[in-house]
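What's counted below: heavy atoms across the whole structure, side chains too, no hydrogens, waters or symmetry copies. Source: prediction; values computed, not measured. A note on names: the letters A, B, ... follow the listed sequences, proteins ahead of strands, and every chain is numbered from 1.
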Protein chains: 2
Amino acid sequence: MPSGRQDVRERLQAAALELFRERGYDQTTAAEIAARAGVTERTFFRYFPDKREVLFDGEVGMLAALSAAIADAPDNLGPMDVLLRTFRSFEKTIEKNRPFNEPRQAIIAVTPALRERQLLKSAAMAVVVASALEKRGVERKMAALTAQAGVAVFDHAGRAWFEDPSLSLGEHMKRAFQALHGLAAQNAKPRSRTASRSRTASARPKRHK
Amino acid sequence: MPSGRQDVRERLQAAALELFRERGYDQTTAAEIAARAGVTERTFFRYFPDKREVLFDGEVGMLAALSAAIADAPDNLGPMDVLLRTFRSFEKTIEKNRPFNEPRQAIIAVTPALRERQLLKSAAMAVVVASALEKRGVERKMAALTAQAGVAVFDHAGRAWFEDPSLSLGEHMKRAFQALHGLAAQNAKPRSRTASRSRTASARPKRHK
DNA sequence: GTAGAACATGTCAGTGACTGACACAAGACA
DNA sequence: TGTCTTGTGTCAGTCACTGACATGTTCTAC
């Protein structure tokens, strides 16, 4: 039954997606996935280090591309602009993948174990992004912070696009970045400069624990 | 051997921390933790839903306090300011807990399974924060985005404080928030860097890998 | 064309996380 | 005093995951 190596991999992923949709992640055993793909459980674990990972795959290739795209961005941009620009350069690809990602994301959303794994992937992405920013000369902690915020915004835009596809993903991204922008600006809103307020009651409600 | 219910819980946590430090998380079985605490494995799983959770506990109580603190913040602040203020109100408590958190955090840092769980906890915190912001009248998506960014900054400050305790946690938080602020502001600003342009990043670096 | 290496898979046995069911002890309470 | 509740131990079982080994298939060198 097994033929090409790539073929087996894809059969396993397809089988997993089907079964998860039919019975849910927890009610599906690795052996069942393997059986539907025409291999044994042992083979399943030769392709994927654990059961969760069968739903997370494209992300690896994306990281390298992401890193390269950040490196290639023009020189005269601030770090956050680099990220916006980079993420938007993936817009088309991601939009094209929506039919595949939609059911996948639906399963992840209702399965805590998978949400956990997805958070790990996002964190990994932030690490890669941070490192790519550092290579552009951004100071280390700044790079980490920017990456973290940027990935958060990216995820946020992705979720927004998922529940409202009437706007393009790029538009959602633009808005999310603008919102973040506005947030920071709002900080100084009550007319006087932020620095002057450093004295006022250094915020201590009576809660603890 | 088991005496009070709370007592057993704490013995289990202490035993787990000890064993994880001695042999590492993966080399420690739940049965061993239970044995050192003077109970059986089955009892361990009556106190904690899974092995990872034994290291994450205080966080539950913190969420309620966080939510309350956000609700109690003065009215005239932008959402991000509310968060900075709120987080800083926890400064003392967190600093006091450092001796307990330090070894714990060290173990988490070297154990992927635990890092994953910690990310889930942060995400849960973001959800709570977002909901608390919404109750203050912040629009839903804006609340989510603010919470996400705020928690990211909070985590970032925590990590920075961990590796450099010469500055207070509050100071790290202030700086992280200011950095985020600066990031957004920088967005619109074309920057000319000193030693850039001709050589550094514009020549496409190696692409592969 | 064939020997042998390299690779992909199957089989089997085993560990460890976690769960449900039941029995039992001790204190709370009627 | 007897019953009820609560916390625990015991046992059997499922499932994720792993190491070791045997077998088949494909690739390569000669």
Side-chain angles (χ1 to χ4, degrees), chain A residues 1-57 107-108 110-118 120-121, chain B residues 1-57 107-108 110-118 120-121:
Chain A
M1 180 70 75
S3 77
R5 188 157 166 96
Q6 185 59 23
D7 182 50
V8 173
R9 186 179 197 81
E10 281 162 14
R11 284 214 313 275
L12 283 169
Q13 297 180 91
L17 193 56
E18 284 172 27
L19 286 166
F20 293 165
R21 291 181 76 177
E22 293 171 14
R23 323 179 192 170
Y25 176 86
D26 291 320
Q27 281 63 51
T28 304
T29 72
E32 289 167 342
I33 299 171
R36 180 165 301 196
V39 297
T40 61
E41 184 187 11
R42 190 64 181 87
T43 293
F44 175 92
F45 286 108
R46 287 197 178 102
Y47 282 86
F48 304 99
D50 62 56
K51 186 182 159 193
R52 305 172 182 188
E53 207 65 21
V54 71
L55 277 189
F56 299 88
D57 209 38
I107 291 162
I108 293 174
V110 299
T111 312
L114 294 175
R115 284 226 307 280
E116 209 172 350
R117 178 57 51 86
Q118 195 170 42
L120 192 67
K121 298 295 181 182
Chain B
M1 178 71 72
S3 76
R5 186 155 168 98
Q6 185 58 23
D7 181 50
V8 174
R9 185 177 198 82
E10 281 163 13
R11 283 214 314 274
L12 283 170
Q13 292 176 5
L17 193 56
E18 285 173 25
L19 285 167
F20 292 165
R21 291 181 75 176
E22 292 171 15
R23 323 180 192 168
Y25 176 86
D26 291 320
Q27 281 64 52
T28 305
T29 73
E32 288 167 342
I33 299 171
R36 181 166 299 196
V39 295
T40 62
E41 184 187 11
R42 191 64 181 87
T43 292
F44 175 92
F45 287 109
R46 287 194 177 104
Y47 282 86
F48 304 100
D50 62 56
K51 186 183 161 192
R52 305 173 183 187
E53 208 64 22
V54 71
L55 277 189
F56 299 87
D57 210 39
I107 291 162
I108 294 174
V110 298
T111 312
L114 294 175
R115 284 226 308 279
E116 209 173 349
R117 179 55 53 86
Q118 194 169 41
L120 192 68
K121 298 296 180 182

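The pair A/K51-A/E41 does not count as a salt bridge, with every side-chain nitrogen at least 4.0 angstrom from each carboxylate oxygen.
Following rounding to the nearest Å, B/E53 (CD) and C/dT19 (P) show an atom-to-atom distance of 12 Å. What separates CZ of A/R9 from P of C/dA8 is a distance of 12 Å, to the nearest Å. Between A/D7 atom CG and C/dT9 atom C1' there is a gap of 14 Å when expressed in whole angstrom units. The CG atom of A/L19 sits 16 Å away from the C1' atom of D/dA16 (whole-angstrom rounding). In this structure, CG of A/L114 is placed 13 Å from P of D/dA16, rounded to the nearest angstrom. Put simply, CG on A/D50 is 19 Å from P on C/dG16, counting in whole angstrom units.
Minimum heavy-atom separation, A/E116 to B/R52: OE2-NH1, 3.1 Å. Of all non-hydrogen atoms in A/L114 and A/F56, the two that sit nearest each other are O-CZ, 3.6 Å. The heavy-atom pair separating A/F45 from A/D50 by the smallest distance is CE2-CA, 4.1 Å. Nearest approach of A/E32 to A/Q27, heavy atoms of both residues: OE1-O, 3.8 Å. A/V110 approaches A/P112 most closely through the heavy-atom pair O-CD, 3.6 Å.
Side-chain contact between A/I108 and A/Y25: absent, with no pair of heavy atoms (C-beta onward) separated by less than 4.5 Å.
With a 6.0 Å radius and a threshold of 12 heavy atoms from other residues, nucleotides or ligands, B/R21 has its CZ atom at or below the threshold.
Of the residues in residues 23-34 of chain B, not one comes within less than 4.0 Å of DNA chain D through any heavy atom. Using a 4.0 Å cutoff on non-hydrogen atoms, the parts of residues 40-48 of chain A near DNA chain C are A/T40, A/R42, A/T43, A/R46, A/Y47, ordered by number.
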